[in-house]
Chemist: 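Here it is: the structure, laid out below.
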Amino acid sequence: MVKNAVFSYYEKIGDTIENLDSIIPFEIPDNWEFIRFKEIWNLISGRDLLPSEYNNQKVGIPYITGASNFNDGTIELIRWTPNPQVITHYGDLLITCKGTIGEMGFNNFGDAHIARQIMAIRNTFNLNSEFLSYCICFYINSIKASAKGIIPGISREDILNLILPIPPSEYQEQVVAYIRKVNVLFDSLEKSLN
């Protein structure tokens, strides 16, 4: 994406140049960039397994089926499969995309199979994944609003086409550190009120 001298944003796809001013959420400093999600992250869509292909006896690798595995940002492992097909790796950001949409957590346990209710976001350029998770949180209400179907679901394009503000890496780290501090303060305040 390119910002011109009149402070408008444009994107060139093939021979077409499109003005993006109506979808740019806010202004950013000159040393930041707006980048579409699909330009720098991989998005892996899960696949369901048959009941005969998974177990609760810890045979195989973990099998993450949906929002029931997510608990306040952590992922609980309750099923396993010896027949994995779509694998998330350590460090991937996992997001629920069907039924309960927008639950997120980091893979901090290693290889696991993901069901179709889950998408794995893989960081391919060693950017700050926690910063990415906060960017997605910024968009989560509009992502949920785009859900379709009897069982609400979002498409890959709903994530792939997100326009994200990317500051220099040191600033990403500062933003993450600041948000962590604020979250600790909110948690302390909430506990003191209970």
Side-chain angles (χ1 to χ4, degrees), residues 1 3 7 9 20 23-44 46 62 64-78 88-110 112 114 117-147 152-154 158-194:
M1 281 172 220
K3 183 165 119 176
F7 303 109
Y9 291 89
L20 301 178
I23 58 175
I24 294 295
F26 46 78
E27 286 296 318
I28 57 174
D30 288 337
N31 61 342
W32 292 37
E33 294 282 336
F34 276 115
I35 298 176
R36 286 218 188 255
F37 177 98
K38 63 185 168 188
E39 299 298 325
I40 52 177
W41 285 281
N42 286 338
L43 184 64
I44 298 107
I64 303 164
T65 59
S68 62
N69 292 101
F70 290 70
N71 183 8
D72 197 27
T74 60
I75 299 169
E76 298 175 348
L77 306 176
I78 54 176
T88 172
H89 300 301
Y90 184 88
D92 289 348
L93 174 61
L94 304 178
I95 183 168
T96 57
C97 58
K98 298 227 183 293
T100 302
I101 297 167
E103 295 292 321
M104 287 190 286
F106 283 99
N107 175 337
N108 62 0
F109 42 81
I114 54 174
Q117 293 82 357
I118 308 290
M119 290 184 205
I121 297 168
R122 186 154 303 143
N123 190 346
T124 55
F125 286 97
N126 203 26
L127 297 169
N128 190 309
S129 293
E130 195 170 351
F131 180 84
L132 170 65
S133 73
Y134 295 131
C135 289
I136 292 175
C137 283
F138 174 81
Y139 284 105
I140 205 66
N141 288 332
S142 62
I143 291 170
K144 288 178 181 181
S146 68
I154 57 172
D158 293 329
I159 302 290
L160 291 170
N161 288 319
L162 288 176
I163 296 174
L164 305 173
I166 306 298
S169 59
E170 63 275 1
Y171 194 78
Q172 292 175 43
E173 292 170 14
Q174 290 173 12
V175 168
V176 167
Y178 183 78
I179 291 173
R180 284 180 185 165
K181 286 179 187 175
V182 169
N183 285 340
V184 167
L185 291 172
F186 281 140
D187 289 345
S188 297
L189 180 61
E190 188 175 293
K191 287 176 184 172
S192 70
L193 296 174
N194 289 334

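It should be emphasised that the depicted structure is a prediction, and the values quoted were computed from it without experimental measurement.
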Chemist: With side chain to side chain contact (heavy atoms under 4.5 Å, CB included) as the test, would you mind laying out the steps for F106 and S133 before giving the verdict?
Modeler: CA-CA 9 Å; F106 283 99; S133 73; 4.2 Å; yes
Chemist: Knowing that exactly one of T88, D92, N42 qualifies, which makes a side-chain hydrogen bond (donor to acceptor under 3.5 Å, both in side chains) with R122?
Modeler: D92
Chemist: So, do S188 and K191 sit near enough that their side-chain heavy atoms are less than 4.5 Å apart?
Modeler: no
Chemist: Of all heavy-atom pairs between F34 and F26, which one has the smallest distance, and what is that distance?
Modeler: CZ-O, 3.2 Å
Chemist: Can you tell me how far the CG atom of L127 sits from the CD1 atom of I35, to the nearest 0.5 Å?
Modeler: 7.5 Å
Chemist: Does V184 form a side chain to side chain contact (heavy atoms under 4.5 Å, CB included) with R180? I'd like the steps, not just the answer.
Modeler: CA-CA 6 Å; V184 167; R180 284 180 185 165; 5.6 Å; no
Chemist: For A147 versus I101, what's the shortest heavy-atom pair and its separation?
Modeler: CB-CD1, 3.3 Å
Chemist: Examine distances only and state if a side-chain atom of N107 and a backbone atom of H89 form a donor-acceptor pair shorter than 3.5 Å.
Modeler: yes
Chemist: More than 12 foreign heavy atoms under 6.0 Å from CG of N141: is that the case here?
Modeler: no
Chemist: Could you go step by step and tell me if L132 and L164 meet the side chain to side chain contact (heavy atoms under 4.5 Å, CB included) rule?
Modeler: CA-CA 8 Å; L132 170 65; L164 305 173; 3.6 Å; yes
Chemist: How many angstroms lie between CD1 in I95 and CD1 in I154, if you round to the nearest 0.5 Å?
Modeler: 5.5 Å
Chemist: Looking at Y139 versus F37, is the centre-to-centre ring distance below 6.0 Å?
Modeler: no
Chemist: I'd like to check N123 versus S129 (side-chain heavy atoms, cut-off strictly below 4.5 Å). Are they in contact?
Modeler: yes
Chemist: Enter the distance from N183:CG to E190:CD here, rounded to the nearest 0.5 Å.
Modeler: 11.0 Å
Chemist: Would you say the side chain of N161 lies within less than 4.5 Å of the side chain of K38, judging by non-hydrogen atoms?
Modeler: yes
Chemist: Using atom types as modelled and distance alone, determine if a side-chain donor or acceptor of T96 lies under 3.5 Å from a backbone N or O of G66.
Modeler: no
Chemist: Do I136 and I143 have side chains that get closer than 4.5 Å, going by heavy atoms?
Modeler: yes
Chemist: Restricting to non-hydrogen atoms, name the atom on T124 and the atom on I40 that form the minimum distance, rounded to 0.1 Å.
Modeler: OG1-O, 2.8 Å
Chemist: Do L162 and R36 have side chains that get closer than 4.5 Å, going by heavy atoms?
Modeler: no
Chemist: Do the two ring centres, one from W32 and one from Y171, sit under 6.0 Å apart?
Modeler: yes
Chemist: Is the closest side-chain heavy-atom distance between C137 and M104 below 4.5 Å?
Modeler: yes
Chemist: Does any N or O in the side chain of N69 come within less than 3.5 Å of the main-chain N or O of I75, such that one atom is a donor and the other an acceptor?
Modeler: no
Chemist: Less than 4.5 Å apart, any side-chain heavy atom of I64 and any of F70?
Modeler: yes
Chemist: Ignoring hydrogens, what is the shortest heavy-atom contact between M119 and C97? Give both atom names and the distance.
Modeler: CE-CB, 3.6 Å
Chemist: Q172 vs E130, test: side chain to side chain contact (heavy atoms under 4.5 Å, CB included). Steps then yes/no.
Modeler: CA-CA 9 Å; Q172 292 175 43; E130 195 170 351; over 6 Å; no
Chemist: Give me the atom names and distance for the closest heavy-atom approach of T100 to A67.
Modeler: CB-CB, 3.5 Å
Chemist: How long is the span from the CG atom in L160 to the CG atom in L43, to the nearest 0.5 Å?
Modeler: 5.0 Å
Chemist: What pair of heavy atoms forms the shortest contact from F131 to P165, and how long is it?
Modeler: CE2-O, 3.3 Å
Chemist: Distance check, rounded to the nearest 0.5 Å: I163 atom CD1 versus E33 atom CD?
Modeler: 13.0 Å
Chemist: Does the side chain of E173 come within less than 4.5 Å of N128's, by heavy atoms?
Modeler: yes
Chemist: The test is ring-ring contact (aromatic ring centres under 6.0 Å, His included); show your working for Y178 and Y134 and say whether it passes.
Modeler: CA-CA 12 Å; Y178 183 78; Y134 295 131; over 10 Å; no
